[in-house]
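Notes follow once the structure below has been shown.
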Amino acid sequence: MNDMPLPPAAFCKGYALCSPDNLLLPETFAKSEKKTIGKKFKKPGRKKAWAKAQDEGWTVRFVYMRLFVPVFHSTSAPSGDVYEDDE
């Protein structure tokens with residue numbers, strides 16, 4: 001077991017695409033709006049594709065991203081809590 005304490009959560013500000021259904025796409029997170037758009041819409045034809053997407057309701061939103069180290073807990077019961085069938 002690792003006795004080293006976990007680092008505190010950190011925050012980063014940037015941009016992410018938001019779908020017409022009002023869902024943020026975390027995989028599009030970037031430091032600038034242009035880079036965010038570039039993650040979803042590739043050249044050639046990026047400007048036309050982005051203009052069409054905007055007409056459909058896509059937007060670029062300013063966001064904060066929270067970075068943290070996940071902690072996983074065991075879902076199995078300790079061996080002392082296992083009960084035998086009384087048959």
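This one's a predicted model, so the numbers in the text were calculated from it and none came from an experiment. Below, each value reflects all heavy atoms present in this structure, side chains not excepted, and no hydrogens, waters or symmetry copies.
- There is no path of hydrophobic side-chain contacts, each under 4.5 Å, that joins Phe62 to Leu23.
- Remark: Gln54 CD to Ile37 CD1 distance equals 6.5 Å, nearest 0.5 Å.
- Taking the side chain as every heavy atom from C-beta outward, Trp58 and Cys18 never approach each other to under 4.5 Å.
- At least one side-chain heavy atom of Leu17 sits less than 4.5 Å from a side-chain heavy atom of Val60.
- Shown here for Lys39 and Glu27, the closest heavy-atom pair between the two residues is CD-O, 3.7 Å.
- Within a 6.0 Å sphere centred on NZ of Lys42, heavy atoms belonging to other residues, nucleotides or ligands number more than 12.
- Both Val69 and Val71 belong to a single network of hydrophobic side chains, linked directly or stepwise wherever heavy atoms of I, L, V, M, F, W or Y lie under 4.5 Å apart.
- Closest heavy-atom contact between Ala30 and Thr36: CB-OG1, 3.4 Å.
- Under a hydrophobic-cluster definition in which Ile, Leu, Val, Met, Phe, Trp and Tyr are linked whenever side-chain heavy atoms come within less than 4.5 Å, directly or via other members, Leu67 and Phe29 are assigned to the same cluster.
- Here the CE atom belonging to Met65 is positioned 13.5 Å from the NZ atom belonging to Lys13, to the nearest 0.5 angstrom.
- Using a 4.5 Å heavy-atom threshold, the side chains of Asn22 and Arg61 count as touching.
- Taking NZ from Lys43 and CZ from Phe41, the interatomic distance works out to 15.0 Å, rounded to the nearest 0.5 Å.
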